[in-house]
Amino acid sequence: MLTSKSLINHYSPPLFSSKTPNTKTRITAYPFSHSPKPRSLSIINSANESNSLSPKPGQFRVDVLSESLPFIQKFRGKTIVVKYGGAAMKSQALQASVVNDLVLLACVGLRPVLVHGGGPEINLWLKRLNIEAVFRDGLRVTDSQTMEIVSMVLVGKVNKHLVSLINKAGAIAVGLSGMDGQLLTARPSSNSAQLGFVGEVARVDPTVLRPHIENGHIPVVTSVAADESGQPYNINADTVAGELAAALGAEKLILLTDVPGILEDREDPSSLVKEINIREVKKMIENGKVGGGMIPKVNCCVRTLAQGCKTASIIDGRLPHSLLLEILTDEGAGTMITG
């Protein structure tokens, strides 16, 4: 018997060729008078109604696009903040997937904002310059020399490369750092004595972003900002994305990661938690089910939700077109945290 996944994997173009984790389907509320049929049932019915066991690829694409309509209606005109990094930044194929997803979402009326770091690229240039990369508790120790390299790589290279890719794909991207238009004001982190110029977000002023968003541009923001005296700081990109999402009143924050999402059992990738609320995810942290590098990501999402963002998702950036899977399907591509 054909299922929605087998149909998608067999007949569709690369846009829908990726497989999602084998977990329960997320239930979503829709802001209109009727809810769509479950994806598996409705796609099969569309195929049956065409009286063909082998629907033509063109017809199948139309069916899939038609079923995306409720999701497009839900998010049209809404701001979506995406933090980009990890495997999706290292692989050219995944990088192209993310760029194409952003452009498609912008074309159907969403307002994406891309926030990025660039750890691997920074490490590469430090190595070329014979500067040792030092980490403490997973955070980069950033002295003045390293901070200069971080600024050059993130602002001058990675940011402009992403802007170029998005422009080439057919949208209009605008590259910014936290220093531009005083978008972000930094302050030293609480352990700056050990970490150097590693900062936190003291204040967000999205004034410089709003005209670009209103005009349909895709802002591409790197996680470098200065304090009141003008001293640059390297800030965690997850934190920057969360604070921007809150300041912009975003509908959704999405963190691209190298894991499937939040797992009920950290040793079992099939135990993905598809949807969870703040109270439940805090309990998972207390019980030790969420640990390691996932804790700061979850805390980032919780803080953003507490400031008014509607939902926050931690998704698997290793999946091709994970952004479209998360936004335009009911299965998603990771874990969605709600208030």
Side-chain angles (χ1 to χ4, degrees), residues 1-80 82 93-94 96-112 166 169-171 216 218 250-252 254 256 261 272 274-275 310-311 313 315-317 319-336 338:
M1 176 179 177
L2 289 176
T3 65
S4 60
K5 275 185 189 173
S6 62
L7 279 169
I8 289 172
N9 290 334
H10 185 72
Y11 289 109
S12 64
L15 178 63
F16 292 100
S17 64
S18 57
K19 294 182 180 178
T20 52
N22 184 22
T23 53
K24 65 181 181 181
T25 299
R26 174 162 45 191
I27 298 173
T28 309
Y30 301 96
F32 43 86
S33 59
H34 67 284
S35 296
K37 293 181 261 184
R39 287 182 62 80
S40 57
L41 178 61
S42 55
I43 290 177
I44 291 171
N45 285 346
S46 295
N48 289 339
E49 287 165 6
S50 68
N51 295 319
S52 172
L53 293 177
S54 300
K56 296 180 180 180
Q59 180 60 48
F60 184 80
R61 292 187 187 101
V62 170
D63 291 340
V64 172
L65 288 171
S66 176
E67 295 214 358
S68 299
L69 178 61
F71 302 96
I72 293 171
Q73 288 176 321
K74 178 181 179 182
F75 289 105
R76 183 174 176 82
K78 303 294 178 60
T79 299
I80 310 292
V82 177
L94 291 176
S97 169
V98 171
V99 167
N100 288 334
D101 287 2
L102 287 169
V103 173
L104 189 152
L105 293 173
C107 285
V108 298
L110 281 72
R111 297 176 172 181
I166 293 171
I218 300 177
E251 181 75 14
K252 193 173 187 67
I254 298 176
L256 288 170
L272 178 66
K274 298 292 289 183
E275 184 171 350
K310 300 294 177 58
T311 65
S313 293
I315 72 171
D316 192 346
L319 292 173
H321 300 292
S322 54
L323 286 177
L324 298 187
L325 286 168
E326 178 61 27
I327 295 172
L328 299 183
T329 75
D330 49 12
E331 285 192 32
T335 301
M336 182 170 73
T338 64

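Residues: numbered from 1 along the sequence shown.
- You'll find the side chain of L324 stays beyond 4.5 Å of the side chain of T329, heavy atoms only.
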Apply the test side chain to side chain contact (heavy atoms under 4.5 Å, CB included) to residues D63 and E67: give CA-CA distance (whole Å), side-chain angles for both, the deciding distance (0.1 Å), then the verdict. CA-CA 6 Å; D63 291 340; E67 295 214 358; 5.6 Å; no
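- Considering all non-hydrogen atoms of both residues, S322 and L256 come closest at OG-CD2, 3.5 Å.
- Closest non-hydrogen pair, A169 versus V99, comes out as CB-CG1, 3.8 Å.
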- Verify side chain to side chain contact (heavy atoms under 4.5 Å, CB included) between I254 and I327, making sure each step is shown before the conclusion. CA-CA 10 Å; I254 298 176; I327 295 172; 3.8 Å; yes
Note to self: Applying side chain to side chain contact (heavy atoms under 4.5 Å, CB included) to L328 and F75, what does each step give before you reach the verdict?
What the structure shows: CA-CA 9 Å; L328 299 183; F75 289 105; 5.5 Å; no
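- Closest heavy-atom contact between L110 and I80: CD2-CG1, 3.9 Å.
- For S313 against E326, the heavy-atom pair with the smallest separation is OG-OE2, 2.8 Å.
- Smallest separation of non-hydrogen atoms from H321 and S97: N-OG, 2.6 Å.
- Summarising the local packing, NZ of K78 is surrounded by more than 12 heavy atoms from other residues, nucleotides or ligands at distances under 6.0 Å.
- In terms of the side-chain contact (heavy atoms from CB on, under 4.5 Å) criterion, residue partners of T338 (sequence neighbours excluded) are, by chain and number, E275, N277, T311, M336.
- Taking each heavy atom of G317 and L94 in turn, the nearest pair found is O-CD1, 3.7 Å.
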